[in-house]
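Everything numeric here is computed off the predicted structure, so don't read it as measured data.
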Amino acid sequence: MRILHFQVLCLVSAWMLCKGQESECDNFTDLDFRQSFIGTNLYVRLLLYTRANVDCGQELSHHSFTSHPLFDLSRPTAFVIHGYRPTGAPPIWIDHLVHLLATQEDMNILVVDWNRGAANLNYFTAVTNTRKTAANITGFIQRMQEEGASLSSIHLIGVSLGAHVAGFIGAMLRGKIGRITGLDPAGPMFAGVSPEERLDPSDAQFVDVLHTDMDGFGLRGAHGHIDFYANGGSDQPGCPKTIFSGKAFFVCDHQRSVFLYLCALNHTCKLTGYPCSSYSDFLNGQCMQCEAFKPASCPVLRYDMSPWRNTLLQLGQTRAFFSTTSELPYSKTSYRVDMVTWNQYLRWGVVVLRLHSGRNMVETRMDNKLYRFEQYTSTRLLAQFDEDLDPIQKISLRIVTGNVIGPRYKLRLLRIRITPLNQPQRQLMCRYDIILEENMEVSFRPLPCNDA
């Protein structure tokens with residue numbers, strides 16, 4: 001039977017390739033601003049993609065889907081659910097996400113096209129339609145289950161309002177869906193409501209969430225078994241800070257969740273999340289160990305969460321933080337910096353660290369707070385750089401204090417130890433007994449660390 005199905009699949013794929021006409025493909029509903037202004041009535045379509053037709057969506061019937069030769073219920077199925085569409089245009093990321101999902105494993109990819117219903121200048125109408133959309137898809141999944149599909153093999157990926165649609169579907173199916181991924185779940189109309197009225201961890205066997213715009217269109221708080229907070233979950237680097245930037249001011253932070261997820265699926269960037277109680281504690285270097293996840297490393301934002309899933313389920317809800325750059329590949333290179341000072345006078349300041357490799361240099365300023373430097377004080381910091389240099393041939397260090405007119409006090413560093421966090425296989429870098437003046441840079445070559 002499997003051989004026959006494979007032969008049919010190949011014949012259908014070859015036929016589609018030979019036809020090569022766009023008219024044979026079913027595309028996402030494309031509406032214009034006029035239709036969005038008038039308002040649209042809800043109509044839900046399902047566009048099927050597989051590895052055999054990754055460039056040519058096929059609309060799937062809600063009732064007679066078992067007869068479609070490309071839809072194989074024995075494979076896992078991912079539903080991609082978009083959010084609010086105020087202009088009616090298709091999401092720019094749909095095709096890219098479909099292609100990347102197809103590279104992860106052999107699966108059915110169903111794009112939930114509820115643009116008629118999400119395209120409306122009245123946001124409240126779109127919110128009302130989320131539950132209706134969820135009921136529609138829930139009925140489809142129940143029919144899949146009746147035909148032999150396993151609920152645990154279903155993955156719902158929801159963006160903005162789509163994250164809550166996924167949550168409603170999961171709740172209607174009593175949390176038996178295998179996984180829900182929420183990309184910056186929508187905040188307006190969902191802030192402060194009960195878990196039954198939004199995405200929450202009980203909606204699936206495993207729920208992972210990425211936050212990028214909690215002070216705008218995103219939802220504050222923790223709503224999954226693990227919640228990743230990019231740059232604290234609010235303002236994203238490179239996004240406009242003033243309304244004069246136009247549309248980008250409103251959508252940039254919110255859309256960044258999708259672009260980070262695409263980057264993670266493409267393996268272009270490794271976004272490691274460090275479990276922590278707050279972003280400020282993370283930036284202060286208080287959360288750089290992941291003892292609970294050993295022998296695995298700290299959780300990483302990606303498609304395959306199996307190395308951390310069981311631990312996360314045992315922990316209940318975990319908040320994980322990471323920082324990014326403003327553009328691809330988004331990843332920052334992180335180091336843990338441990339310093340032991342032995343200076344006579346108490347000084348407060350921030351640390352500026354430079355790493356040199358040949359003619360290349362990267363710099364970071366650790367100024368999230370003022371650090372205390374006194375006699376025999378151990379200070380731990382998190383140093384994050386926009387570029388990864390290797391090998392490190394020289395290190396420059398400066399402790400910046402508020403002293404601008406008085407004599408410069410000397411600070412004695414008994415030891416500085418720099419530990420790579422992204423590349424644990426690299427050698428630790430140390431230097432011992434350094435004398436430096438406040439506000440003055442000192443450079444040195446790193447040495448292998450001698451813990452003894």
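Considering all non-hydrogen atoms of both residues, Arg179 and Thr181 come closest at NE-OG1, 3.5 Å. For the residue pair Thr325 and Glu327, the shortest heavy atom distance occurs at OG1-O, 2.9 Å. The shortest heavy-atom contact between Val98 and Ile109 is O-CD1, 3.5 Å. Closest non-hydrogen pair, His223 versus Leu199, comes out as CB-O, 3.7 Å. His356 and Ser396 get closest at one heavy-atom pair: NE2-OG, 2.9 Å.
Between the CG atom of Leu382 and the CG atom of Asp281 there is a distance of 12.0 Å, given to the nearest 0.5 Å. To the nearest 0.5 Å, atom OH of residue Tyr279 and atom OH of residue Tyr274 are 12.5 Å apart. Rounding to the nearest 0.5 Å gives a distance of 11.0 Å between CD1 of Ile180 and CD1 of Ile154. Residue Asp213 holds its CG atom at 11.0 Å from CG of Leu219, rounded to the nearest 0.5 Å. Rounded to the nearest 0.5 Å, atoms OG (Ser357) and CD1 (Ile392) are 6.0 Å apart.
Counting only N and O atoms by type, the side chains of Thr311 and Gln314 include no donor and acceptor under 3.5 Å apart. In this structure, a donor-acceptor pair under 3.5 Å is absent between the side chains of Ser257 and Asp184. His99 and Asp55 share a donor-acceptor pair across their side chains, judged by distance under 3.5 Å alone. Between the side chains of Asn129 and Thr133, no donor-acceptor pair of N or O atoms lies under 3.5 Å. No hydrogens or angles considered: a donor-acceptor pair under 3.5 Å links the side chains of Asn231 and Gln236.
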**Q.** Worked verdict on Phe65 versus Phe71 for ring pair (Phe, Tyr, Trp, His ring centres under 6.0 Å)
**A.** CA-CA 7 Å; Phe65 57 84; Phe71 191 52; 5.7 Å; yes

Q: List the steps, then state whether side-chain hydrogen bond (donor to acceptor under 3.5 Å, both in side chains) holds for Tyr335 with Gln384.
A: CA-CA 6 Å; Tyr335 295 86; Gln384 299 184 99; over 6 Å; no

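In this structure His254 satisfies the ring pair (Phe, Tyr, Trp, His ring centres under 6.0 Å) test together with Phe217, sequence neighbours excluded.
Using bins of under 30°, 30° to 60° and over 60° for the plane-to-plane angle, the ring pair His211/Tyr229 lands in the parallel bin. Using cut-offs of 30° and 60° on the angle between ring planes, the pair Phe190 and His164 is parallel. Ring planes of Phe28 and His82: perpendicular class, angle over 60° (limits at 30 and 60°).
For Asp388 and Arg426, the salt-bridge test passes: some basic side-chain N is under 4.0 Å from an acidic carboxylate O. The pair Arg380-Asp338 counts as a salt bridge, with a side-chain nitrogen and a carboxylate oxygen less than 4.0 angstrom apart. Remark: Arg354 engages Glu441 in a salt bridge, criterion side-chain N to carboxylate O under 4.0 Å.
Within the structure, every pair that satisfies the side-chain hydrogen bond (donor to acceptor under 3.5 Å, both in side chains) test and touches residues 28-45, not counting sequence neighbours, is listed here: Thr29-Arg45, Thr29-Asp113, Arg45-Glu59, Arg45-Asp113. A disulfide bond (SG atoms under 2.5 Å apart) check over residues 298-339, counting only residues at least two apart or in different chains, returns the pairs Cys290-Cys298.
Under the side chain to side chain contact (heavy atoms under 4.5 Å, CB included) test applied with Ile177, the options Ile141, Asp203, Thr138 reduce to a single match, Ile141.
In summary, the aromatic rings of Tyr84 and Tyr123 are positioned with their centroids under 6.0 Å apart.
Counting heavy-atom neighbours within 6.0 Å of Lys294 NZ, excluding the residue itself, gives a total of 12 or less.
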